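Below, all heavy atoms of this structure are taken into account, side chains as well, without hydrogens, waters or symmetry copies. Nothing fancy with the numbering, it's 1 onward along the sequence. No experiment lies behind these values; they were computed from the predicted model shown.
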Amino acid sequence: MAILDHFIVPSHDPNGAAKFLAYVLDVGYGEIGRFSAVFINDTLTADFAQREEFDTHHSCFLVRDEEFDAILTRLQENKIPYLSGPRGPMDMKFNTAHGGRNLYWLGPDGHNWEILTVSYARAATNAAAN
């Protein structure tokens, strides 16, 4: 079984963007060589790297309900806009369409971050297998 170890996040301000994501997710952060790393969990880091030009990306984190609540509270307390879908207005709502909760917010570089409590991709795969 392969396990994803890290992914690169292009950034105009790697240090600031990494600190922002680490704060929202309430996880560790550190400088590793030329990267600003966010320690997503015991096996995965998001390595922010200096880039001048880049396309924005979407990344989604599966979280427990209590983690979702804590992240939502940090977003609300810091007036960080969030939305219930990947595009559209910053409606300051979360989505419950897939049997759990999910929401999206934009990081300083425009990357679209998502948290969800139920993996709808895996749920669809499991339903198709039955």
Side-chain angles (χ1 to χ4, degrees):
M1 168 194 243
I3 296 175
L4 184 63
D5 179 76
H6 68 276
F7 60 97
I8 303 299
V9 181
S11 177
H12 296 297
D13 176 12
N15 193 36
K19 283 182 179 179
F20 174 78
L21 182 62
Y23 170 75
V24 171
L25 296 178
D26 192 29
V27 296
Y29 156 85
E31 297 292 322
I32 299 178
R34 61 181 194 217
F35 299 106
S36 296
V38 176
F39 305 109
I40 304 299
N41 58 39
D42 291 341
T43 63
L44 179 64
T45 62
D47 294 338
F48 286 73
Q50 179 71 44
R51 300 289 188 268
E52 295 305 315
E53 295 182 26
F54 53 84
D55 292 330
T56 57
H57 299 278
H58 169 79
S59 297
C60 178
F61 303 103
L62 179 63
V63 298
R64 295 184 312 268
D65 283 314
E66 53 274 5
E67 292 170 316
F68 186 97
D69 293 337
I71 292 168
L72 177 59
T73 297
R74 279 190 292 283
L75 293 172
Q76 291 170 335
E77 287 178 350
N78 291 279
K79 297 181 176 34
I80 298 168
Y82 57 93
L83 56 161
S84 58
R87 291 177 215 83
M90 292 292 178
D91 57 8
M92 306 301 277
K93 297 178 181 178
F94 56 84
N95 189 329
T96 60
H98 300 286
R101 297 180 291 166
N102 71 306
L103 64 78
Y104 305 79
W105 73 94
L106 300 178
D109 291 306
H111 297 301
N112 186 321
W113 302 101
E114 177 185 5
I115 55 171
L116 54 75
T117 59
V118 173
S119 174
Y120 44 85
R122 294 189 191 287
T125 302
N126 291 339
N130 292 326

Side-chain (D91) to main-chain (S84) donor-acceptor, under 3.5 angstrom: yes
Minimum side-chain heavy-atom gap F61-I71 below 4.5 Å: no
hydrophobic_cluster_shared for L4 and I40, side chain cutoff 4.5 Å: yes
Shared hydrophobic cluster for V27 and F35 (ILVMFWY, side-chain gaps under 4.5 Å): no
Straight-line distance of F20 CZ to L25 CG, nearest 0.5 Å: 9.5 Å
Single-linkage hydrophobic cluster, 4.5 Å side-chain cutoff, F7 and V63 together: yes
Note, H57 side chain near V9 side chain (heavy atom, < 4.5 Å): no
Co-membership, hydrophobic cluster, residues Y23 and V38, 4.5 Å side-chain: yes
Residue pairs fulfilling salt bridge (Lys or Arg N to Asp or Glu O under 4.0 Å) with at least one residue in residues 26-55, sequence neighbours excluded: none
Straight-line distance of Y82 OH to L106 CG, nearest 0.5 Å: 14.0 Å
Closest non-hydrogen atom pair between P81 and W105, with its separation: O-CB, 3.5 Å
Heavy-atom side-chain contact between L21 and F48 under 4.5 Å: yes
Rounded distance (nearest 0.5 Å) linking atom OG1 of T73 with atom CG of N78: 10.5 Å
Which atom of S119 lies closest to which atom of L62, heavy atoms considered: N-CD1, 3.9 Å
Under 3.5 Å donor-acceptor, D109 side chain and H12 backbone: yes
Test item: F68 and L103 side chains (from C-beta on) under 4.5 Å apart, heavy atoms: yes
S36 side chain near K19 side chain, heavy-atom distance below 4.5 Å: no
Spatial distance of atom CG (L72) from atom CG (D65) [nearest 0.5 Å]: 12.0 Å
Heavy-atom donor-acceptor pair, N112 side chain to P86 backbone, under 3.5 Å: yes
Least distance between heavy atoms, G107 atom then W113 atom: N-CD1, 3.7 Å
With sequence neighbours excluded, residues passing side-chain hydrogen bond (donor to acceptor under 3.5 Å, both in side chains) with R87: none
Joint hydrophobic cluster, L83 plus V24, side-chain heavy atoms closer than 4.5 Å: no
Donor-acceptor under 3.5 Å (T117 side chain, R101 main chain): yes
Nearest heavy atoms of M92 and I80, plus distance in Å: CE-O, 4.0 Å
Inter-residue atom distance H6.NE2 - T43.OG1, 0.5 Å rounding: 12.5 Å
Minimum heavy-atom distance H111-T56, with the two atoms named: ND1-CA, 3.5 Å
Side-chain touch F94/I115, heavy atoms, less than 4.5 angstrom: no
Closest non-hydrogen atom pair between S11 and A17, with its separation: OG-CB, 3.6 Å
